[in-house]
Each structure stands twice: as C-alpha cells, then as structure tokens.
Visitor: 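My structure is below; once you've seen it, I'll send some questions.
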Protein chains: 2
Amino acid sequence: MVSKYMLDKMKSSSAIRKMFEEGKEMIAKVGEENVFDFSLGNPNVKPPEAVNKSVKEILDRYAAGDIHGYMNNSGYLDVRDKLAAYENRTKGTDLAQQDIIMTCGAAGGLNVLFRCLLNPGEEVLTFAPFFSEYRPYINNHNGVLNVVPANPPSFQPDLLAFKEMISENTKIVLINSPNNPTGVVYTEEAIVGIANIMKEKEAEYGHSIILVSDEPYREIVYIDQELPYILNYYDNSVVVYSYSKSLSLPGERIGYISVSPKIDEHDTLLDALNVANRILGFINANSLFQRVAAEVSGETVNVEFYKKNRDLLCGLFDELGVSYAKPDGTFYLFVQSPIEDEIAFCNKAKEFNLLIVPARGFGCPGYVRMAYCTSHDKVERSLGAIRRLFECYK
Amino acid sequence: MVSKYMLDKMKSSSAIRKMFEEGKEMIAKVGEENVFDFSLGNPNVKPPEAVNKSVKEILDRYAAGDIHGYMNNSGYLDVRDKLAAYENRTKGTDLAQQDIIMTCGAAGGLNVLFRCLLNPGEEVLTFAPFFSEYRPYINNHNGVLNVVPANPPSFQPDLLAFKEMISENTKIVLINSPNNPTGVVYTEEAIVGIANIMKEKEAEYGHSIILVSDEPYREIVYIDQELPYILNYYDNSVVVYSYSKSLSLPGERIGYISVSPKIDEHDTLLDALNVANRILGFINANSLFQRVAAEVSGETVNVEFYKKNRDLLCGLFDELGVSYAKPDGTFYLFVQSPIEDEIAFCNKAKEFNLLIVPARGFGCPGYVRMAYCTSHDKVERSLGAIRRLFECYK
C-alpha cells in the first residue's frame with residue numbers, strides 16, 4: 001500500500017532512527033546525564049531574548065489578518081523589503097523585494113528550488129561530504145544527485161574532480177558552507193574556482209547551470225572574516241537560508257531564498273518559486289515568524305557556546321593524535337575513524353555511551369560526525385569516554 | 001532553465017493571478033470600498049481571542065527548546081496526545097497519539113499523504129466540482145487525477161458514475177466536505193455509498209483503496225447536525241484537517257492528519273508519513289502553533305458572520321430566480337452562470353466591479369464560485385451590482 005519511493009527512503013533513514021531509539025534505551029539504562037549524544041544537530045543554545053519579545057510585540061501591534069492571514073505566497077511584501085535591505089547592507093548585494101522568497105526553512109527552500117529547476121533525470125552535482133537529506137530533496141522532484149569525492153584533510157571542494165564530473169546533464173551545482181558535516185568554511189579561492197569552471201561549462205554547453213548555496217550555518221562561525229557570498233561571484237546563483245541555527249528556531253521552519261537579480265530567466269524563476277511554494281503544500285512560510293524574521297535579522301545565538309565545545313574536543317583529538325578537520329563553523333566535528341569500517345567504530349562507541357554518526361550517509365566512509373551542540377558540561381564529561389574509546393584502537 | 005513541470009503549472013494558475021492583478025487595478029481606479037471581490041477564500045473573520053492569548057502563555061510557560069526546537073517529525077508527543085483525545089471525545093474515534101500527524105496545514109498534509117501512497121501513474125479519483133489545487137498536489141508525486149462528473153443541482157457525489165469510474169488503478173478516493181467550491185455537505189447516505197462501493201472494489205481487485213477526506217471547513221457549517229466522520233465508516237481512511245478556516249489562521253500553516261487505527265499497513269504508513277514530512281521539506285509543522293492548536297482545539301471563529309452573508313446572497317438569488325447550491329457550510333456559493341460560457345460571464349461581472357471565479361478550474365464549467373468571506377457591509381453593498389449583472393441576461 002505504501003509507495004515504493006517512500007519504502008526506499010524509509011530504509012535509508014532507518015540508521016539515524018535506529019540510533020535515536022538506541023539512545024532512548026541507553027538513557028533508560030544509565031540515565032540521561034551519562035549518555036553522550038553527539039548524533040543530532042539540534043541546537044541547544046537559547047534563541048536570543050529578542051525573539052519571544054518580538055513575537056509578543058507583533059501580536060499587539062498588527063491586526064490579526066496581517067499576522068495570521070494569507071499573503072503573497074512568496075511572503076509579506078514589507079518583510080521581503082526589510083530582508084532585501086538587510087542582505088544588501090551586510091553583503092553588498094543589489095537585491096530587490098521580489099528577489100527574496102520566504103520559505104519553510106532551508107529544507108523547504110531547497111525543495112521548492114529543485115522543483116522549479118529540475119526536469120526528470122537532470123543532475124545536481126554536490127561535493128562530499130554532504131548533508132544526507134539532499135538526496136531525497138532532489139529525488140522528490142525526479143532529479144539525480146551526483147557527488148564529487150571528498151578531499152581530505154582540508155575538505156575544501158576538489159576542483160579538478162569537479163571539472164571532470166560536471167556534464168551536459170548538470171543543471172545545478174549545490175554547495176554548503178559552513179559545511180555539514182565537516183564544519184569547514186569554503187575559501188574564497190574555492191568559490192572563485194567553482195564559479196570559473198561553471199562559467200566555462202555554461203559557455204561550452206550553451207545552457208545555464210545554477211549555483212545553489214545552502215547556508216543555514218552562515219552565522220555559526222568562529223573566524224573573524226567575511227564569508228564569500230556567492231551572489232557576488234556568479235550570476236546564475238541562489239542562496240538558501242534558514243534561521244534554524246542562527247536563532248535556534250529549527251521547529252519554526254522559517255528561512256528564505258535570495259535569487260540573484262542577474263540570474264537567467266529571472267522573472268520566470270520568481271514566478272515559478274511563488275507557484276511552487278503554493279503547490280508543494282507549503283503555501284507560504286509561516287506568517288508570524290516571517291514578521292519575527294524581519295524584526296530580528298542580524299541577531300544571532302551565542303556562538304561562543306559552540307566554540308568552547310569545539311575547542312575542548314579539538315584539544316583532546318590533538319592530544320590523542322586523531323585526524324580531524326578543524327571546524328571554522330557549524331557545531332559539527334568530522335573525525336577520521338581509527339578503523340576503515342566506521343560503522344563498527346560507531347557501534348564500539350556505544351559501549352562507552354557515546355552516540356556518533358557514521359559518515360557513509362554523507363558520502364564519506366571512514367569518518368564519523370560529532371554534533372557538539374550539547375551542553376559544555378556534557379562535553380567535558382564525555383572526554384574520558386572518548387579517550388577510552390580511541391585507546392581501544394591503539 | 002525553469003522546469004517544464006513548473007511552466008505547465010504556472011500556466012494553469014495564471015487565471016487566478018490575472019484576476020488578482022485585475023482586482024488591484026480595479027481598486028486603484030474606483031477605490032477598495034467599491035470593488036466587490038468574491039474571488040479568494042481568505043477568511044476575514046478574526047481568530048478567537050484564545051489564539052493570541054495562548055501564544056503568549058506558551059512563550060511564558062515553556063522552555064525555548066520546547067516551543068521553537070525540533071521534535072519528532074510527526075509533531076510534539078503531548079500535542080498529539082491532546083488532539084487524539086479531542087478527536088475521540090468529539091467524534092467517537094479510537095485514535096492513539098501516534099495516529100495524529102501534525103502537518104503544514106491541509107495542503108502539506110495532502111502532499112505528504114500522496115507521496116506516501118502513490119506510485120507513479122496511480123490514480124486519485126475525486127468528485128467534481130473539486131478544489132483545483134488537488135491536481136498539482138497529486139501530480140507533484142507523479143500521480144494522476146481523475147474526476148467523477150458533477151451532479152447538479154444537489155452536488156452530492158454521483159455514486160453510479162463513481163462505481164463505473166473506480167478502477168484497478170485507483171489508489172485513493174479523495175473527498176472534500178463541506179465542499180470547496182459548492183459549500184455542500186456530503187450526506188451520511190453518500191458517505192455510506194462511497195464506502196460500500198470501495199469495500200466491494202477492494203475485494204474485487206484484492207488491494208487497498210484509501211479514502212482521504214480533506215476537511216478544512218469541518219467547523220464552518222450552518223446546520224445543527226453532526227457531520228459523518230469517515231474514520232467511523234471505512235477502515236482504510238484518513239482525514240486531513242487544517243486550522244486555517246476554523247481559527248482563521250491560514251498564514252500559520254497548521255493542521256493534522258488523523259489515520260484510522262484500522263488502516264492496512266498501519267505502522268508502515270505512520271513511519272512513511274513521518275519520513276515524508278521530513279524529506280518533502282516540511283520537517284515538522286511549525287512548533288509554536290502545534291502547541292497553540294493543542295490549547296485551543298474546540299474553539300472556532302464566529303460562523304454566524306459567514307451565515308449572515310450567505311443568507312443575504314441566497315435571498316437575492318432566490319428573488320432573481322438564479323440556480324445555485326444552497327451551502328450548508330464553508331463560505332462559498334456555487335452559482336449557475338446565465339450563459340454557458342461562464343468565463344465570459346465573469347468578464348462581464350468585472351464591468352460591475354464584481355470579481356467572481358469561473359468554475360472550469362473546479363471541473364464544472366457553466367458555474368461560478370463566489371467566496372463570501374468578506375465584510376457584511378461589502379456583501380450588502382454588492383447586491384445592487386449583482387442584480388444589475390444578472391439583469392443583463394434577462
């Protein structure tokens with residue numbers, strides 16, 4: 001009765017679910033304080049005070065229809081105005097109101113975008129390791145995902161391999177920086193390299209290739225430098241943003257797409273995004289949090305919280321001589337498994353009440369991902385367990 | 001560059017958009033107070049006071065992570081508990097927590113459901129007239145929509161035609177009562193008739209056929225009787241619900257799916273819905289309004305407001321001798337066009353600053369839909385224009 005497509009997708013998501021269930025069993029057995037769960041990217045830093053304050057103010061200030069009612073499917077016009085101005089002020093872009101499309105988080109934004117761009121069988125090319133949900137997001141709309149192999153130890157995009165793999169059938173190149181699962185921030189050199197190859201290939205194939213940048217971790221960075229903003233490097237580009245991490249609001253499903261004013265078929269694409277938001281069942285990004293987003297743009301959670309966790313873990317791994325990519329952002333740490341079969345390693349970790357994720361699903365076997373968006377105290381108390389785990393392989 | 005699928009879907013939605021644009025031009029010319037816009041189903045009755053009150057209380061009562069954070073993709077467990085209990089209390093069902101799946105409104109619910117049930121080319125059978133968005137919702141997931149012809153003047157489902165059209169390829173039968181665009185409430189006899197034919201065909205074909213009832217207008221009814229609840233009539237059934245109309249919260253995108261505990265492959269379907277919510281990009285229904293829904297279930301907007309509008313319009317049409325289906329619910333009136341070409345009639349209506357929608361898109365040419373979810377004053381002032389419009393065809 002259930003569709004073959006979903007049965008297939010359920011199978012590939014069962015590993016994460018299994019870990020979730022095992023975590024619950026572990027908690028029942030040894031108590032929550034003794035389970036070191038590094039499996040899920042669920043931000044645990046509080047949203048800025050401004051969020052709830054802004055919700056209450058909006059409820060008092062606006063008429064009900066302007067908070068809870070329908071609007072243009074791409075979002076409230078005044079909200080999009082404010083966000084376009086914010087982007088232009090902070091990133092030097094030249095976005096108009098219409099170039100901002102409010103979406104149900106980044107996941108909603110990517111689905112809407114893929115529906116608008118992909119004909120059946122067309123390819124999205126991304127770089128390993130990559131966020132594992134990209135595959136279903138693309139397959140939902142009958143597209144095909146291909147992956148440029150990982151490039152350790154820097155985990156910057158492998159431009160030579162990229163140039164070889166991009167093909168006539170490539171409709172979209174998808175990047176994600178700061179990257180989930182590595183925490184690595186792509187360098188400006190890498191962005192320029194990707195853009196140049198794409199321009200060359202566009203000329204060679206005679207059709208547009210769209211660069212899509214998924215940037216939910218844009219504000220979760222530990223380095224004091226501006227991140228390259230792809231709209232300033234490549235005309236046929238789109239940025240997908242979410243407040244899930246920057247404001248710790250993952251449950252509220254609020255984000256937006258910024259479309260380059262210079263993109264090919266600009267007006268048609270904006271119309272398509274508007275209709276896709278509607279027919280895919282989102283209709284519009286949730287109305288109250290559209291208003292909140294406009295009010296609190298520029299606010300971020302306390303990133304120092306995550307940085308302290310990172311430093312603690314990196315310190316331990318340095319001491320143990322374990323190879324890892326030093327994260328400049330996100331709250332993930334990408335660590336080489338001491339044995340080739342990282343699934344066996346993650347199973348071993350459970351004996352120490354450690355939950356970590358094998359990186360096979362991210363297109364990078366032999367590595368594991370640790371999500372350190374947990375309390376500092378928990379991270380401190382986990383160090384002994386991590387040390388004992390790695391000592392098993394000495 | 002834009003996908004062929006979206007170009008096609010944009011074409012079919014351009015009529016509504018054109019009317020929207022014309023409405024704006026009309027407003028610029030004659031002033032908003034003189035434009036009688038019956039085109040859109042945008043509820044204009046205020047949400048109950050309890051909604052905003054409940055938002056504020058929730059912000060004060062819960063920890064941030066329990067309002068704005070991730071939860072099980074099918075929704076907060078305590079919310080689903082409360083809603084299952086609410087359904088059981090008010091509808092005599094026997095739903096457990098797990099049978100309630102929180103969704104991004106009914107549009108989100110239907111998309112998730114169609115993805116879980118439809119293999120490419122499988123059919124959804126519905127009854128004309130039908131909500132025009134069903135077609136893209138089904139096509140998004142590679143399904144096919146077929147339509148049992150309309151059955152005027154009652155607009156109850158045509159059971160004889162249904163029995164002839166249902167086929168080996170029918171995976172889903174989709175009903176919508178109270179109905180958009182007619183406002184008609186399907187009788188218990190009709191529901192029993194549909195269920196009996198489906199049971200017979202399930203036995204004949206040897207596979208499950210799922211009855212999906214889309215019920216966003218369930219509480220917007222003017223008759224003092226209980227509406228049949230399909231979970232009590234047919235085991236392989238699912239109800240899709242939304243708070244958009246009952247609480248006037250269409251922008252917030254909050255609703256839920258109730259799955260019959262007796263449905264075939266029950267546990268697999270629940271798992272599939274959970275994963276589909278995630279991979280289609282919804283992730284979860286927005287978290288704050290999940291909590292609001294649980295708090296205010298049972299509250300409804302003031303339906304009397306809509307009823308007064310209905311009575312005024314029906315009174316006029318009775319006087320004019322115009323044929324229409326008397327709506328027992330929703331805020332739509334389905335009126336026979338005085339000429340066969342109802343598009344020409346709707347164009348004529350614009351001369352009187354009246355915006356009404358041709359019913360071709362609802363699968364029922366020769367009729368028009370009027371959405372009377374506008375102010376009573378506006379409806380009163382529109383009567384002269386409507387009278388003059390119909391007099392053109394005397």
Side-chain angles (χ1 to χ4, degrees), chain A residues 1-7 9-10 13 42 44 46-47 51-52 55-56 59 64-65 67-71 104-105 107-108 110-112 115-119 133 136-137 140 207-208 210 248-253 264-265 268-269 271-272 275-276 278-284 286-289, chain B residues 1-7 9-10 13 42 44 46-47 51-52 55-56 59 64-65 67-71 104-105 107-108 110-112 115-119 133 136-137 140 207-208 210 248-253 264-265 268-269 271-272 275-276 278-284 286-289:
Chain A
M1 186 182 94
V2 170
S3 68
K4 290 188 187 70
Y5 180 83
M6 280 311 300
L7 290 175
K9 292 303 176 199
M10 285 153 73
S13 78
N42 194 3
N44 72 327
K46 269 194 189 175
V51 170
N52 284 3
V55 171
K56 290 178 181 176
L59 293 181
I67 312 171
H68 307 302
Y70 282 129
M71 80 299 299
C104 180
L110 288 168
N111 270 278
V112 162
R115 179 49 90 182
C116 289
L117 292 173
L118 294 173
N119 292 304
E133 296 289 282
Y137 296 172
N140 288 340
H207 63 72
S208 328
I210 315 303
S248 284
L249 298 176
E252 303 297 354
R253 314 308 311 139
D264 293 342
E265 299 184 24
T268 311
L269 178 60
D271 281 356
V275 175
R278 204 186 79 215
I279 68 174
L280 293 189
F282 302 107
I283 310 294
N284 51 254
N286 93 66
S287 47
L288 174 59
F289 273 81
Chain B
M1 186 182 93
V2 170
S3 67
K4 291 187 187 71
Y5 181 83
M6 281 310 300
L7 290 175
K9 292 303 175 198
M10 286 153 72
S13 78
N42 194 2
N44 73 328
K46 268 194 190 178
V51 169
N52 284 2
V55 171
K56 290 178 182 176
L59 293 181
I67 311 171
H68 307 302
Y70 282 129
M71 79 299 299
C104 179
L110 288 168
N111 270 278
V112 163
R115 180 47 90 182
C116 289
L117 291 174
L118 294 173
N119 292 304
E133 296 289 282
Y137 296 171
N140 287 340
H207 63 72
S208 328
I210 315 303
S248 284
L249 298 175
E252 303 296 356
R253 314 309 309 140
D264 294 342
E265 299 184 23
T268 311
L269 179 60
D271 280 357
V275 175
R278 204 186 79 214
I279 68 174
L280 293 189
F282 301 108
I283 310 294
N284 51 254
N286 93 65
S287 47
L288 174 59
F289 273 82

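Just so you know, these numbers come straight off a predicted model, no measurement behind them. Just so it is clear: chains get the letters A, B, ... in the order the sequence lines come, proteins before strands, and each one is counted from 1.
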Visitor: Specify which of Cys104(B), Cys116(B), Ser208(B), Gly69(B) makes the most heavy-atom pairs with chain A at under 4.5 Å.
Guide: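 The answer is Cys116(B).
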
Visitor: Keeping the roles fixed (side chain from Asn119(B), backbone from Lys4(A)), state whether a donor-acceptor pair exists under 3.5 Å.
Guide: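 A pair under 3.5 Å: yes.
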
Visitor: Quick one: which of Arg253(A), Lys9(A), His207(A), His68(A) has the most heavy-atom pairs under 4.5 Å with chain B, could you say?
Guide: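 Winner by heavy-atom pair count: His68(A).
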
Visitor: Search all heavy atoms of Ala64(A) against all heavy atoms of Pro47(B) and return the closest pair with its distance.
Guide: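 In terms of heavy atoms, the two residues are closest at CB-CD, 3.4 Å.
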
Visitor: Given that the side chain runs from C-beta out, which part of Leu7(A) has a heavy atom under 4.5 Å from chain B: side chain, backbone, both or neither?
Guide: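 Leu7(A) touches chain B through side-chain heavy atoms alone.
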
Visitor: Looking at every heavy atom in both Met1(A) and Leu269(B), which two are closest together, and how far apart are they?
Guide: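 Reported closest heavy-atom pair: CE-CD2, 3.9 Å.
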
Visitor: For Ile283(B) versus Ala107(A), what's the shortest heavy-atom pair and its separation?
Guide: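 Looks like CD1-CB, 3.6 Å.
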
Visitor: Name the member of Lys46(A), Glu252(A), Lys56(A), Met6(A) that forms the most heavy-atom pairs with chain B at distances under 4.5 Å.
Guide: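 Between Lys46(A), Glu252(A), Lys56(A), Met6(A), the count favours Glu252(A).
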
Visitor: With chain B as the partner, which of Leu110(A), Thr268(A), Leu280(A) has the greatest number of non-hydrogen pairs under 4.5 Å?
Guide: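 Ranked by heavy-atom pairs under 4.5 Å with chain B, first place is Leu280(A).
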
Visitor: Which pair of heavy atoms, one from Val2(B) and one from Ala272(A), lies closest together, and at what distance?
Guide: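 Taking Val2(B) first and Ala272(A) second, the nearest heavy atoms are CG1-CB, 3.9 Å.
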
Visitor: What option among Ile279(A), Asn111(A), Asp271(A), Val275(A) has the most heavy-atom pairs under 4.5 Å with chain B?
Guide: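 It is Ile279(A).
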
Visitor: Could you measure the distance from the CZ atom of Arg115(A) to the OH atom of Tyr5(B)? Nearest 0.5 Å is fine.
Guide: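 Output value for this atom pair is 5.0 Å.
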
Visitor: Examine distances only and state if a side-chain atom of Arg278(B) and a backbone atom of Glu133(A) form a donor-acceptor pair shorter than 3.5 Å.
Guide: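 No; judged by distance alone, with no hydrogens or angles, the pair does not exist.
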
Visitor: If you round to the nearest 0.5 Å, how far is CG of Asn52(A) from CD1 of Ile67(B)?
Guide: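 These two atoms lie 5.5 Å from each other.
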
Visitor: Atom CG of Leu249(A) and atom OG of Ser287(B): how far apart are they, to the nearest 0.5 Å?
Guide: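 Rounded to the nearest 0.5 Å, the CG-OG separation comes to 8.0 Å.
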
Visitor: Which atoms of Leu117(B) come close to chain A, meaning under 4.5 Å heavy atom to heavy atom: side chain ones, backbone ones, both, or neither?
Guide: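 Backbone plus side chain of Leu117(B), per the 4.5 Å heavy-atom cut-off to chain A.
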
Visitor: Heavy-atom pairs under 4.5 Å with chain B - which of Gly65(A), Pro250(A), Gly108(A), Pro136(A) has more of them than the others?
Guide: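 The option with the most such pairs is Pro250(A).
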
